[in-house]
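Heavy atoms only: backbone and side chains are in, while hydrogens, waters and symmetry mates are out.
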Amino acid sequence: MSAETTASSAPPSPTQPAEDGQHRCRWCLATPLYVSYHDKEWGFPVGQDQRLFEKLCLEGFQSGLSWLTILNKRENFRAGFAGFDFHKVAQFDEADVARLLQDAGIVRHRGKIEAVINNAQRAIEMVEAEGSLAAFFWRYAPKNASTGTDIQAQTAESLALSKELKKRGWKFVGPTTMYALMQAMGMVNDHAPGCVTRVAVDKARKAFKLPK
């Protein structure tokens with residue numbers, strides 16, 4: 001919204017028609033890659049540990065950057081981090097850190113790279129203790145469904161999840177990052193009312209069986 005917009009002006013609609021005429025969340029319409037991510041991934045429930053770990057790592061890398069930057073580099077991240085197989089990443093050493101710091105295809109941030117390796121080691125511990133990553137993370141799903149109208153940067157659930165992960169030694173798992181993860185992995189449906197994908201996500205979430 002421009003500085004010239006007056007206080008009495010109506011806020012922009014959270015949805016906008018895409019090329020196919022269907023209304024989607026306004027934020028996704030910048031590029032076809034964003035639209036594809038919005039339509040096929042964002043908000044759909046994830047119960048598979050390796051996919052969940054990938055999402056968690058990429059949300060950590062996104063901190064301070066745009067999500068489009070991460071999407072554009074996602075295949076490079078997958079190649080550099082062994083497809084986010086946390087059993088393999090847990091074995092990475094300083095030579096791997098040096099290799100990744102030279103990889104122009106990813107975000108070359110030592111702290112974030114080292115956090116992924118650390119978190120892979122913590123993920124193995126969590127699977128041993130909890131049965132699966134998904135079983136642990138889904139315990140923090142909000143009990144009340146999101147309306148998609150009042151999206152927050154963090155919630156009581158994301159604060160609690162962040163606090164518990166930090167206690168267990170995880171890194172780059174602040175409450176805002178954890179809420180972004182909740183949105184991405186389908187713990188909440190923050191697609192705007194009127195977005196064509198909100199309906200599909202609602203249906204997928206109702207059919208999803210909580211991991212045990």
Peer 1: Testing the basics here: between Leu133 and Ala123, what is the closest heavy-atom pair and its distance to 0.1 Å?
Peer 2: CD2-O, 3.6 Å
Peer 1: Any side-chain donor-acceptor pair under 3.5 Å between Tyr34 and Asp39?
Peer 2: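 Asp39 and Tyr34 do not have a side-chain donor-acceptor pair below 3.5 Å.
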Peer 1: Given 3.5 Å as the limit, does a donor-acceptor pair link the side chain of Asp190 with the main chain of Gly43, or not?
Peer 2: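 No; zero donor-acceptor contacts below 3.5 Å.
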Peer 1: Between Arg110 and Ala98 (side chain of the first, backbone of the second, donor and acceptor by atom type, cut-off under 3.5 Å), is there such a pair?
Peer 2: no
Peer 1: Nearest 0.5 Å, what's the CG-CG distance between Asn76 and Leu100?
Peer 2: 11.0 Å
Peer 1: Between Gly169 and Asn118, what is the shortest heavy-atom contact and its length?
Peer 2: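 Minimum heavy-atom contact is O-ND2, 2.9 Å.
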Peer 1: Can you confirm whether Thr176 sits close enough to Ser158 that some side-chain heavy atom of one is under 4.5 Å from a side-chain heavy atom of the other?
Peer 2: no
Peer 1: Is the shortest side-chain heavy-atom distance between Phe172 and His109 below 4.5 Å?
Peer 2: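 Touching, per the 4.5 Å side-chain cut-off.
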Peer 1: Does Tyr37 reach the side chain of Trp67, with side-chain heavy atoms less than 4.5 Å apart?
Peer 2: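 Of all side-chain heavy-atom pairs linking Trp67 with Tyr37, at least one is under 4.5 Å.
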Peer 1: How long is the span from the NZ atom in Lys112 to the CD1 atom in Ile106, to the nearest 0.5 Å?
Peer 2: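 Here the interatomic distance stands at 11.0 Å.
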Peer 1: For the backbone of Gly60 and the side chain of Ser63, can you confirm whether one donor and one acceptor N or O come within less than 3.5 Å of each other?
Peer 2: no
Peer 1: Can we say Arg108 and Asp103 salt-bridge, meaning some charged N sits less than 4.0 Å from an Asp/Glu carboxylate O?
Peer 2: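 Salt bridge between Arg108 and Asp103, a charged N being under 4.0 Å from a carboxylate O: no.
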Peer 1: Kindly indicate whether the side chain of Arg74, heavy atoms from C-beta on, has any atom under 4.5 Å from the side chain of Glu54.
Peer 2: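 Counting from C-beta outward, Arg74 and Glu54 do come under 4.5 Å.
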Peer 1: To the nearest 0.5 Å, tell me how far Met185 CE sits from Trp42 CH2.
Peer 2: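 With rounding to 0.5 Å, CE (Met185) is 14.0 Å from CH2 (Trp42).
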Peer 1: What is the minimum heavy-atom distance between Pro17 and His23, and which atoms define it?
Peer 2: CD-CE1, 3.4 Å
Peer 1: Checking Ser162 side chain against Val173 main chain: does a donor-acceptor pair fall under 3.5 Å?
Peer 2: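 Flag set: sc Ser162 to bb Val173 pair under 3.5 Å.
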Peer 1: So do Pro32 and Glu19 actually touch side chain to side chain, heavy atoms under 4.5 Å?
Peer 2: no
Peer 1: Any side-chain heavy atom of Phe208 sitting closer than 4.5 Å to one from Trp138?
Peer 2: yes
Peer 1: Could you list the residues that satisfy side-chain contact (heavy atoms from CB on, under 4.5 Å) with Phe136, not counting sequence neighbours?
Peer 2: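 Counting only residues at least two positions away or on another chain, Phe136 forms a side-chain contact (heavy atoms from CB on, under 4.5 Å) with Met126, Glu130, Arg139, Tyr140, Leu161, Glu164, Leu165, Arg168.
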Peer 1: Could you check whether atom CG of Asn144 has more than 12 heavy atoms from other residues, nucleotides or ligands sitting under 6.0 Å from it?
Peer 2: no
Peer 1: Report the residues that fulfil salt bridge (Lys or Arg N to Asp or Glu O under 4.0 Å) with Glu128, sequence neighbours left out, ordered by chain and then residue number.
Peer 2: none
Peer 1: Output all residues satisfying side-chain contact (heavy atoms from CB on, under 4.5 Å) with Thr69, sequence neighbours left out; order by chain, then residue number.
Peer 2: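 Here the qualifying residues are Ser66, Lys73.
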Peer 1: For the hydrophobic clusters of this structure (ILVMFWY residues joined by side-chain heavy atoms under 4.5 Å, transitively), does one cluster hold both Val199 and Trp27?
Peer 2: no
Peer 1: Quick one: closest heavy-atom pair of Thr15 and Cys195, and the distance?
Peer 2: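 What the structure gives for the nearest pair is CG2-N, 3.8 Å.
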Peer 1: To check you understand the geometry: which heavy-atom pair defines the closest contact between Ala134 and Asp49, and what is its length?
Peer 2: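 Closest approach of Ala134 to Asp49, heavy atoms only: N-OD1, 2.9 Å.
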Peer 1: Let's go through Arg198 and Cys25 carefully: what are the C-alpha distance in whole Å and the side-chain angles of both, what is the deciding distance for side chain to side chain contact (heavy atoms under 4.5 Å, CB included) to 0.1 Å, and is it a yes or a no?
Peer 2: CA-CA 9 Å; Arg198 182 175 176 84; Cys25 298; over 6 Å; no
Peer 1: Under the side chain to side chain donor-acceptor pair (under 3.5 Å) rule, collect the residues that match up with Asp93, sequence neighbours excluded.
Peer 2: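 For Asp93 there are no side chain to side chain donor-acceptor pair (under 3.5 Å) partners, ignoring immediate neighbours.
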Peer 1: Is there side-chain contact between Phe92 and Ile113, with at least one heavy-atom pair below 4.5 Å?
Peer 2: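 A side-chain contact under 4.5 Å is absent here.
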Peer 1: Please determine whether a side-chain nitrogen of the Lys or Arg among Glu75 and Arg78 lies less than 4.0 Å from a carboxylate oxygen of the Asp or Glu.
Peer 2: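 Yes, this pair counts.
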Peer 1: Between Pro142 and Val188, what is the shortest heavy-atom contact and its length?
Peer 2: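 That closest heavy-atom pairing would be CG-CG1, 3.6 Å.
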Peer 1: Which distance, rounded to the nearest 0.5 Å, do you find between the CG of Asp85 and the NE2 of His87?
Peer 2: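 One gets 7.0 Å once the value is rounded to the nearest 0.5 Å.
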Peer 1: Working to the nearest 0.5 Å, report the span between CG of Asn119 and CZ of Phe84.
Peer 2: 11.5 Å
Peer 1: Checking Leu33 now: which residues fulfil side-chain contact (heavy atoms from CB on, under 4.5 Å) with it, not counting sequence neighbours?
Peer 2: Thr31, Leu68, Leu71, Asn72
Peer 1: Considering only heavy atoms from C-beta outward, does the side chain of Phe137 approach that of Leu181 to under 4.5 Å?
Peer 2: yes
Peer 1: Side chain of Gln50, backbone of Gly83: donor and acceptor closer than 3.5 Å?
Peer 2: yes
Peer 1: Taking Glu41 first and then Lys55, would you say they form a salt bridge - that is, a charged N and a carboxylate O separated by under 4.0 Å?
Peer 2: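 Yes, charged N to carboxylate O under 4.0 Å.
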Peer 1: Roughly how far, to the nearest 0.5 Å, is CD of Gln62 from CG of Leu58?
Peer 2: 10.0 Å
Peer 1: Quick check against the 3.5 Å criterion: does Arg24 have a side-chain atom that pairs as donor or acceptor with the backbone of Val196?
Peer 2: no
Peer 1: Answer yes or no: is there a donor N or O on one side and an acceptor on the other, between the side chain of Gln121 and the main chain of Ala90, under 3.5 Å?
Peer 2: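 The answer is yes, because a donor-acceptor pair under 3.5 Å joins these two groups.
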Peer 1: Check the side chains of Thr177 and Glu59 for a donor-acceptor pair under 3.5 angstrom, ignoring hydrogens and angles.
Peer 2: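 There is no such pair between these side chains.
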Peer 1: Kindly write out the residues that satisfy side-chain contact (heavy atoms from CB on, under 4.5 Å) with Val201, not counting sequence neighbours, or none if the list is empty.
Peer 2: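 side-chain contact (heavy atoms from CB on, under 4.5 Å) check on Val201 returns Phe44, Asn189, His191, Thr197, Arg205.
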